[in-house]
Amino acid sequence: MSAKTEALLATLKLQPVVPVLIVEDAASAVPLARALVAGGLRAIEITMRTPAALDAVRAVANEVEGANVGAGTILNARDFDAAVKAGSTFIVSPGVTDGVLAAAKDSSVPLLPGAATASEVMTLRENGYDVMKFFPAEQAGGAAYLKALSSPLAGTLFCPTGGISLRNAKDYLSLPNVVCVGGSWVAPKELVAAGDWAGITKLASEAFALKG
Ligand code: 3PG
């Protein structure tokens, strides 16, 4: 296993749930990340889906002690490089392109690439990847589908994301090929808008307690 994969795995193993954040206002990113870290969730994915996302990564990287901030929804090489420059310590993509794979190869920052089929997993394995995001987890077939991949594609580990919540997280976390899950449920829009950081710390603590 490469040093980059080991670094990625160490990050993903910090906690059973990686919060997936859509940050509308960069000013909320720091208190939001602090609330998640206070609940035990130190690895945090900020998706590149809003104009505030890069500033949010920068602010969390510089100001939130204990946080390990990554960038998600990376769709091309340009976004990969911008996210790394902003301070991301890991990169997440919903799928892959040649451009994203090339950017990852040139970077010291690890990529968690997305896959949803056996062929996509096999292609990523040929590119040297042992750890992937299974996306969109629930919609693609859920825990039963991922379990079915575990025998033929043994040796590949997944972070399933998409449609996961406290209700079904354990279905995934109990699988031998799952290292953690990702989800937005720990940072609901309404709590972020209300600045209810205590409420978010409570959700994060519940998620952290899923650690078996
Ligand atoms: C996403 O990319 O939006 C993530 O997969 C989060 O999905 P969720 O909102 O269903 O947790």
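Atoms within each ligand, like the ligands themselves, are counted from 1 in listed order.
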Checklist entry - Would Tyr145 and Thr117 satisfy side-chain contact (heavy atoms from CB on, under 4.5 Å), going step by step from the backbone distance to the final call? => result CA-CA 10 Å; Tyr145 179 106; Thr117 66; 4.2 Å; yes
Next on the checklist: Check this for me - ligand 1, Trp185, N or O atoms closer than 3.5 angstrom, yes or no?
Outcome noted: no
Next on the checklist: Is it the case that ligand 1 has an N or O less than 3.5 angstrom from some N or O of Gly182?
Outcome noted: no
Among all protein heavy atoms in this structure, tell me which lies nearest to [atom], with the distance rounded to 0.1 Å.
| atom | result |
| --- | --- |
| atom 6 (C) of ligand 1 | Thr161 CG2, 3.8 Å |
| atom 10 (O) of ligand 1 | Gly163 N, 2.7 Å |
| atom 7 (O) of ligand 1 | Gly162 CA, 3.7 Å |
| atom 8 (P) of ligand 1 | Ser184 OG, 3.4 Å |

Checklist outcome for this item: Under 4.0 Å from one or more heavy atoms of Gly183, ligand 1 contributes atoms 11 (O)
Item to check | Phe135 neighbourhood, listing ligand 1 atoms whose heavy-atom distance to it stays under 4.0 Å | outcome: 2 (O), 5 (O)
Item to check | side-chain contact (heavy atoms from CB on, under 4.5 Å) assessment of Phe135 paired with Val92 | outcome: CA-CA 11 Å; Phe135 176 80; Val92 186; over 6 Å; no
Checklist entry - Counting heavy atoms only, which part of Arg49 comes closer than 4.0 Å to ligand 1: side chain, backbone, both or neither? => result side chain
Is any side-chain heavy atom of [X] less than 4.5 Å from a side-chain heavy atom of [Y]?
| X | Y | answer |
| --- | --- | --- |
| Val37 | Ile44 | yes |
| Leu191 | Leu203 | yes |
| Leu153 | Arg125 | yes |

Next on the checklist: If hydrophobic clusters are built from ILVMFWY residues whose side chains come within less than 4.5 Å, do Met48 and Val20 share one?
Outcome noted: no
Checklist entry - Parallel, tilted or perpendicular: which fits the ring planes of Phe134 and Phe158, with parallel below 30° and perpendicular above 60°? => result perpendicular
